[in-house]
Each structure stands twice: as C-alpha cells, then as structure tokens.
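These numbers come from the heavy atoms of this one structure, side chains and all, not from hydrogens, waters or symmetry mates.
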Amino acid sequence: MNNKLFKNRNLFRLGLQWSVVLLLLYMWARWAFDKSYVPNFETYCPFGGLQAWGTYLVRGSLPCSMTTIQIFMGATLMVGAFLLSKLFCGYICPLGTFSQWLGKLGDKIFKKRRDITGIADKALRSIKYILLFITFYFTLGQSELFCKNYDPFFATFTLFDHDVTVWMSVLSISLLVLGAMMFRMFWCKYLCPLGAVTNIFRYFIMFAVVIGGYVALSLAGVSISYVWPLAIVSILGYILEIWKMESRIFPFLKVTRNEDICIDCGKCAKVCRHGIPVDKMGKVDHIDCDLCTECVHACPKDGALTINRKRKIGWLPAAITVVLVIVALVLANQMRIPTIEVRWADDAQFENARVYERTGLKSVKCYGSAMNFAGHVRRVRGVLGVTAYADDRSVEVYYDPKILTPEKITEAIFSASTEKISEVPDSAIAVQEIEFGINHFFDQFDASYLKYKLMQFGGVYGFDTRYGEPVMVRVYFPIDHEVNLDELKKAVEAKSLIYTIAGQDVTVPVNFEAVDFKKTGSVSIGEYNKRLYPNYFRSFNNIDRYDEATISILEMPMEYAKNQQASIAFLQRHVQVQDSAVVAIQSYYRDATPVVRLYYVNTLTNPEKVRAEAAADSLRVLMKSGALKVYANPFRFINEGTVIDR
C-alpha cells in the first residue's frame, strides 16, 4: 500500500461518504433497469423522520409513507446532535458531500471561493430558520412532507417526482450548485433547514425549555397552537447562532488544540470545509463545526489537534455515526409506529373488542389514504377504530364481535371500483355489458391495474366491480363492438403489466385469475351512468375533534354532467378551505339522481352558508404547490337540499 497516498487522509469519513453515494447510485441504476423496483430515496433521511415525529406529537399521525427507519434516524440525529455533534451533516448527508465536491470544482474554475462575513453572513443565516419554520408549519398542518416541494436531493434522485414543485426545486438546485462553487458550504450554512434543526439541538436547554413549557401548558388544559413553540425555537435558534457563533455546553465532543504542540502551520484551517479558524482556537466550539475531523487528520504534529484532548481517536466520530445508524435500524426493526391510530368508540366498548388484521393493502400508503380507509370503515356499524401502518400497508380494525364477523369486515372494506376509460358518444342510447369473475383482486391498486389492461385491450368505455368470491367485474363496450372473450381473458390474466406514468415505463407483476366470461346483453345509458358514478367520501378539517351530535348533513340532489365526477375532489378542496366547519363530503347515486352530502358542524356554521359555497359559480382550489386555481363549477343542484341530523 502507498502510505503517501493515504497519509493525512480521513479515510473513515471518506469511506462513509462513498458508501452513501454508491448506495444511492445503486438504487438509481436498479430503478433504471428494473421497472418493478421503486426506490425510496428518503428511507434514511432523518429530516423527514423529525417532521414525522412532529406530526405524530401534534396530530397523532405520521405523514406520507414515512417508514419507521426514517423516524428513528430522526431520533438518533437529535440525540447525536446535542450530545456529540452534527455527525449526520459531517459524515452521511449527500448534500453536504456534494457541496464539498462542488466547492473543489469551484476552486478550479474560480481559483478561490469567497467567505461571506459580517452582517451579510448573519443575515443569510436567517434563511434556513425561515425555511425550517415554513417546512414544519405546512407539514404539521397537512401531515404531508412539505420539504419534498423544494428538496434538491429528492428532486434530483427521483427525477422530479410528482410531489416536487418544479420551480422550487430548480431554484434550490441552482442555489446549491452555484452557491457551493462560489461560496464555502453555501447551502449548509444558509439554506439547509436540517442545519437549522441541528443547531437548535446544540442549544438543547433552550429547546427543552420551550417544548417542555408547551407540553406542560397543553397538559394543564391551555390550548396553544403548535405554531408558537415552532416560531419561538426558530427565532431563538437564529439569535443564539448569530450571537457568538458558538455552542456552549453541548455537544460533549469537540476538537481541541494544544498550543504547546501546535506549530501554527495553518493546515487545519485550510482543510476545514466551513472555513473555521481552527489554528486560532483552543477548543473548536464554532456553530458550523460538524466534527468531520479533517483538521485532525491533516495536522502534521501528533497531539496538536485531538478530540477532547484524547489522542488517536480521530476515528471515533465516524464510528459513533455508524453505531447511531445501526441503533436506528435495530429500533426500527423492533418497534412499529402507526401512520394513524383513531378510535371513535368509548373505553367500555373496547373492553370486549376484537382485532381484524389485513396486510397488503396497496392503497394504504400515506396519511391521507390511511384516513380515507378509516373514514370508509367508520361507516360500518360495529367498527370501533382503526390502526394503519403505511410502511407495510397493513391495518388493524377494532370491532364489536356481537355485531360483526371478520367475513363481514372483509366485505365492508372491499372498495367497489368504478372506472371510466373513454366517453360514450352523445348519440348512444345503450352499451354492451360483459361480466366475469376475478380472483386475487381486492385493493384499489388492483382496480388500477385492471384499468390499464383494459385500456390496452381497447374499445372499452369503462368497468365496475362488486364484492364476491371471486370479485365480479362488469366491462362496458360499444353496443356494436365484437368482443373476443378468449382474447379478453388472455389480456386480463397477463402476468405482468407495463404502463407509463410521469413519462416513465413501469412494469408490475399482476396475478389475476379470471373466470366465467359471458356476454350479458345491453345496458341503457341512464343505468350505465348510475353504475359508473363513483361513491366518494372524504373527511377533513379535523372531523374527529367534534362530537357526532354536532355534525349535520346537507344533502343536495344534482343534475348529471360528464365532468362533475372528475371535479368532486375540487369541490372538496373548495369547501374545505372556504368553510372550516365543513368536515366531510360524500357523493353517490340515489335512485336515478346523483347527490352530494356535505357534513358540517352545526354549532359553527349553517346550511345556507354551506349551500352557498357549494353552489358558487367558481371553485377556488388550493393546489399542493400552494397555488390557488379557479375553475368553473360544474355542479348544478336541483333544489336547496335537505338537512339531516346524524
């Protein structure tokens, strides 16, 4: 081995950085060649885990498809940051690694990068705290990870996933690249909200006092929004950072300099990626120090730079980082944290409750879909509560065995599907119906797979499903279309499906088994519209906070229109924002007429106001990106409706 090649190199840190980069490249390469593989680039991201902890404490739920690994990575990051140092930033974070590498490229292009100092430096440091506040504010309020909108890492490695807001991500990527090349660690110092979090943890006493006070007041019955402690820790974190640019009691591990041994060569300051004047300090307590130990390994004099004045332990921070990751993985393997855990029955009803468990529910993939599942089964008499785990797509349904059986729950939670694939011509008076049974079909994702298969088969207007053993499917074709049943069966039973989503070809295995194909005749257009009208139900605006006795229902029949089915979600978002006392929406066919039901808190609003918002000429829809869009209201209500008390 060439000792000169490795002399004064921090091989421990370099090994960890390359391990992370190679893991990401492997996930990316496999994704490119294996269409059935969908990588989760956030699996080990502690920032998402910290946001998940926040939503769990504030809302009792987890956002998105947060895995237990992410959650415990966030916990170990917090412990590591205030006790030891910002080890994640120094050894694992790919954005920190890329910033350092881009900086070296910038040195070659611009000869020398600049250090921002003085008032400009202090002012710019506020941006990461503002981003921290905004990110947690929207994440805690919506139970969806807001950071996905702008995170340069997530946007780059997911090739601008649908959760990404393009302009935000393009801006952040540009600032990351150009900032790193022109200024020393620009993203980490000024823009990274995770950097703000780790600095706040360094001022752990302040953090503990603020959060402890908030918890104490909440337990005492004082209602205080989470916005206040979030704002206070963000503001105080920024003030403490720019006050003296140093941490005090925490962390316990720090680089120390022995002035008697030091020869003042300045190599330590030169290699510091944050530009900290290590050669002028007795103890490196600068707020930017992440204990990367590059200075320790670059020092030519043994004992001049040490960790806590202990020699020969330059490997310790890297080892601790590995241990913390292992601890997070072990804890994640041993413990489960539910995405949602909701109960609407009292303790007396739960005394004799039983648990129905089901796994493999592909549609339970995030907070929103888990809440939709809970809203669906809540309407079933005898169901007492639901716990859902998005990481392994499983649910636990608590039920009264005197009222329900597992078989009845299975039937109740089966989601009948209605899918329109193409529009029926206005001149058509009837459609052709073909019916068959299908095994290994339960989840809404199965309905999506069947939809793609029928789209590829061609000539299909739509289909619907209803529960049975096997599940029964009705597919609708033009009245004069000649359908080969053998070819249709072959298409449905194909073992794999290739379809395009967001410009990417995706291949998924499908294990359908179709039986009993038969042509059952024709169906009138009126009956077809009724069958394919989707049964829609969504709850929102914290419906669980209100007693059922205070919730009334405004039921309004409406005229049928082709585009109103696709717009029901827009109506939901419109009324959800315009009137916070509206807590749920439902739409379905009753007799020969579609109806909309709006659930509202009768102590906070009235049916006239709810009706006026639903019948407005325009729907004001708040998109995930934060943009407000206005659409013409396609809903035309037949009368003023009826108020129903629950």
Side-chain angles (χ1 to χ4, degrees), residues 35-36 362-363 411 414-501 505-536 560-566 568 587-589 591-594:
K35 300 303 181 182
S36 64
K362 294 183 283 293
S363 60
E411 180 177 356
F414 171 79
S415 296
S417 304
T418 58
E419 291 283 356
K420 280 193 172 182
I421 295 175
S422 61
E423 289 293 341
V424 178
D426 293 335
S427 59
I429 60 174
V431 296
Q432 176 185 182
E433 176 189 87
I434 292 177
E435 186 176 81
F436 59 90
I438 188 168
N439 291 310
H440 312 300
F441 187 105
F442 190 86
D443 198 272
Q444 280 293 322
F445 273 76
D446 294 324
S448 296
Y449 298 155
L450 179 59
K451 176 182 178 180
Y452 281 114
K453 288 191 172 190
L454 293 175
M455 288 173 62
Q456 294 170 7
F457 182 76
V460 178
Y461 285 146
F463 70 92
D464 62 2
T465 66
R466 62 187 186 275
Y467 181 75
E469 295 291 348
V471 170
M472 299 307 299
V473 181
R474 295 181 295 197
V475 185
Y476 303 95
F477 292 87
I479 195 70
D480 57 351
H481 188 79
E482 186 62 37
V483 182
N484 185 315
L485 296 185
D486 291 334
E487 291 297 323
L488 179 59
K489 176 180 173 66
K490 182 179 178 181
V492 171
E493 292 187 329
K495 295 303 181 183
S496 65
L497 169 67
I498 302 175
Y499 63 97
T500 302
I501 183 170
D505 287 338
V506 179
T507 303
V508 292
V510 184
N511 191 31
F512 292 158
E513 179 183 285
V515 296
D516 300 331
F517 281 78
K518 56 186 175 182
K519 298 180 179 181
T520 53
S522 63
V523 177
S524 70
I525 289 298
E527 178 64 19
Y528 169 78
N529 288 334
K530 178 180 178 180
R531 289 184 182 181
L532 265 70
Y533 192 87
N535 290 328
Y536 186 93
Y560 180 85
K562 287 186 176 180
N563 64 338
Q564 72 184 21
Q565 298 177 51
I568 190 69
S587 182
Y588 62 100
Y589 244 85
D591 299 327
T593 306

J.: Using only atom types and a distance under 3.5 Å, with no angle test, would you say the side chain of T465 pairs donor to acceptor with the backbone of S417?
T.: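 It does hold such a pair.
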J.: Any idea which heavy atoms bring I525 and A428 closest together, and the distance?
T.: CG1-O, 3.3 Å
J.: How long is the span from the CD atom in E487 to the CZ atom in F517, to the nearest 0.5 Å?
T.: 11.5 Å
J.: Heavy atoms, side chains only, cut-off 4.5 Å: are S422 and V460 in contact?
T.: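 No, side chains not in contact.
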J.: If you measure from CG on L488 to CZ on F457, what distance do you get to the nearest 0.5 Å?
T.: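 Rounded to the nearest 0.5 Å, the CG-CZ separation comes out at 4.5 Å.
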J.: Between F512 and N439, is a side chain to side chain contact (heavy atoms under 4.5 Å, CB included) present by the stated rule, with each step listed?
T.: CA-CA 6 Å; F512 292 158; N439 291 310; over 6 Å; no
J.: Under the salt bridge (Lys or Arg N to Asp or Glu O under 4.0 Å) rule, what pairs show up with a residue in residues 512-527, not counting sequence neighbours?
T.: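 Residue pairs with at least one partner in residues 512-527: E435-K518, E482-K519, E527-R531.
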J.: What is the ring orientation for Y449 with F445, classed by angle as parallel under 30°, tilted 30 to 60°, or perpendicular over 60°?
T.: perpendicular
J.: Side-chain donor-acceptor pair under 3.5 Å between Q432 and S522, yes or no?
T.: no
J.: Flag the pair V431 / I479 as yes when at least one side-chain heavy-atom distance between them is below 4.5 Å, and no otherwise.
T.: no
J.: Over all heavy atoms of both residues, which pair between V475 and V473 is shortest? Give the atoms and the distance, please.
T.: CG2-CG1, 3.9 Å
J.: Between Y476 and Y528, is the ring centroid distance below 6.0 Å?
T.: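 Yes, the ring centres sit under 6.0 Å apart.
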J.: Using the side chain to side chain contact (heavy atoms under 4.5 Å, CB included) rule, take I498 and Q456 through it: C-alpha gap first, then chi angles, then the decisive distance, then the call.
T.: CA-CA 10 Å; I498 302 175; Q456 294 170 7; 5.5 Å; no
J.: Measure the NZ-CG distance between K495 and N511 for me, rounded to the nearest 0.5 Å.
T.: 4.5 Å
J.: Is the Y536 to Y588 ring centre distance short of 6.0 Å?
T.: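 No, the ring of Y536 stays outside the 6.0 Å limit from the ring of Y588, centre to centre.
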J.: Looking only at non-hydrogen atoms, find the nearest pair between A514 and V492 and report the distance.
T.: CB-CG1, 4.0 Å
J.: Looking only at atom types and distance, does a side-chain atom of S587 sit under 3.5 Å from a main-chain N or O of P594, one as donor and one as acceptor?
T.: no
J.: Could you point out which residue of R474, K451, K530, K420 forms a salt bridge (charged side-chain N to carboxylate O under 4.0 Å, His left out) with D464?
T.: R474
J.: Could you give the distance from CD1 (I434) to CG (L485), rounded to the nearest 0.5 Å?
T.: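 Answer rounded to 0.5 Å: 5.0 Å.
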J.: Could you check whether any side-chain heavy atom of L532 comes within less than 4.5 Å of a side-chain heavy atom of Y461, counting everything from C-beta outward?
T.: no
J.: With rounding to the nearest 0.5 angstrom, report the CZ to CG distance, F463 to L450.
T.: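 Reported to 0.5 Å precision, the distance equals 4.5 Å.
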